[in-house]
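Below is one structure, written out as structure tokens; the observations come after it.
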Amino acid sequence: DAGVIQSPRHEVTEMGQEVTLRCKPISGHDYLFWYRQTMMRGLELLIYFNNNVPIDDSGMPEDRFSAKMPNASFSTLKIQPSEPRDSAVYFCASSRTSGGARETQYFGPGTRLLVL
Amino acid sequence: AQSVTQLGSHVSVSEGALVLLRCNYSSSVPPYLFWYVQYPNQGLQLLLKYTSAATLVKGINGFEAEFKKSETSFHLTKPSAHMSDAAEYFCAVSGDGGATNKLIFGTGTLLAVQP
């Protein structure tokens, strides 16, 4: 299996621009998670989906952030408009449902975002 | 609410020395606990997990952790550090008392291994 795939790996953009991050979960996984990692705040869960339905988006910072999962093999995290404080590494992770809370989350390599 | 606390944001050991990374949890229900490792510029990778079977859990790369309910701890150990163990280590708890595997992460411990 190729693992969780994220694109792009690096993104540099200017303040005010729209940014779209993409994720392909492991085939057969029903859960998909989006995290943000910064030096100041550590690892934060932004949103997660189960069977393509958003379950908990309480970690989404503000209305500038949105996430979608149109099908079981693709999800996007969009920031519009982007701000310098959005600079971070964004991770996508996926897991199965069968074991419930015992299941392992598998992380992608991350997208390193820099907003100038 | 569940939480984990990792004592020591930076730990430095000599190559060949014991590695001990501390994690304490808070949970109102029996927890499931995880240790993940993050190498520079990479995603997180599972080292090991406790899912209420054996209290001593063995993971990859020679790491192990012991679940101690009386101490609410799940410390990570390795008898002999290797240079390749230099990375950041995260403890996490899951469950929220339900079936979801939403993870709550600690703040991480950066392990340095000196030659």
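Convention: sequence-line order gives letters A, B, ...; per-chain numbering from 1. The basis for the numbers below is simple: all heavy atoms, side chains too, and nothing from hydrogens, waters or symmetry mates.
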Around atom [atom1] of [X], are there more than 12 heavy atoms from other residues, nucleotides or ligands closer than 6.0 Å?
X: B:Arg22; atom1: CZ; result: no
X: A:Asp63; atom1: CG; result: no
X: A:Glu14; atom1: CD; result: no

> Is any residue of residues 88-95 of chain A within less than 4.5 Å of chain B by heavy atoms, and which ones?
Replying inline: A:Phe91, A:Ser95
> Among residues 36-43 of chain A, which residues come closer than 4.5 Å to chain B, judged by heavy atom distances?
Replying inline: A:Gln37, A:Leu43
What is the distance from atom [atom1] of [X] to atom [atom2] of [Y], rounded to the nearest 0.5 Å?
X: B:Leu44; Y: A:Gln105; atom1: CG; atom2: CD; value: 9.5 Å
X: B:Leu46; Y: A:Phe107; atom1: CG; atom2: CZ; value: 10.0 Å
X: B:Ser52; Y: A:Arg102; atom1: OG; atom2: CZ; value: 5.0 Å
X: B:Lys102; Y: A:Leu45; atom1: NZ; atom2: CG; value: 6.0 Å

Under 4.5 Å between side-chain heavy atoms, counting indirect links through other Ile/Leu/Val/Met/Phe/Trp/Tyr residues: same cluster for [X] and [Y] or not?
X: A:Leu77; Y: A:Ile55; value: no
X: B:Leu56; Y: B:Phe74; value: no
X: B:Leu33; Y: B:Ile60; value: yes
X: A:Tyr31; Y: B:Phe105; value: yes
X: A:Leu46; Y: B:Tyr36; value: no

Considering only heavy atoms, which portion of [X] lies under 4.5 Å from any heavy atom of chain A: side chain, backbone, both, or neither?
X: B:Thr51; answer: both
X: B:Tyr50; answer: neither
X: B:Gln45; answer: neither

> Of the non-hydrogen atoms in A:Tyr35 and B:Leu103, which two are nearest, and what is the gap between them?
Replying inline: OH-CB, 3.9 Å
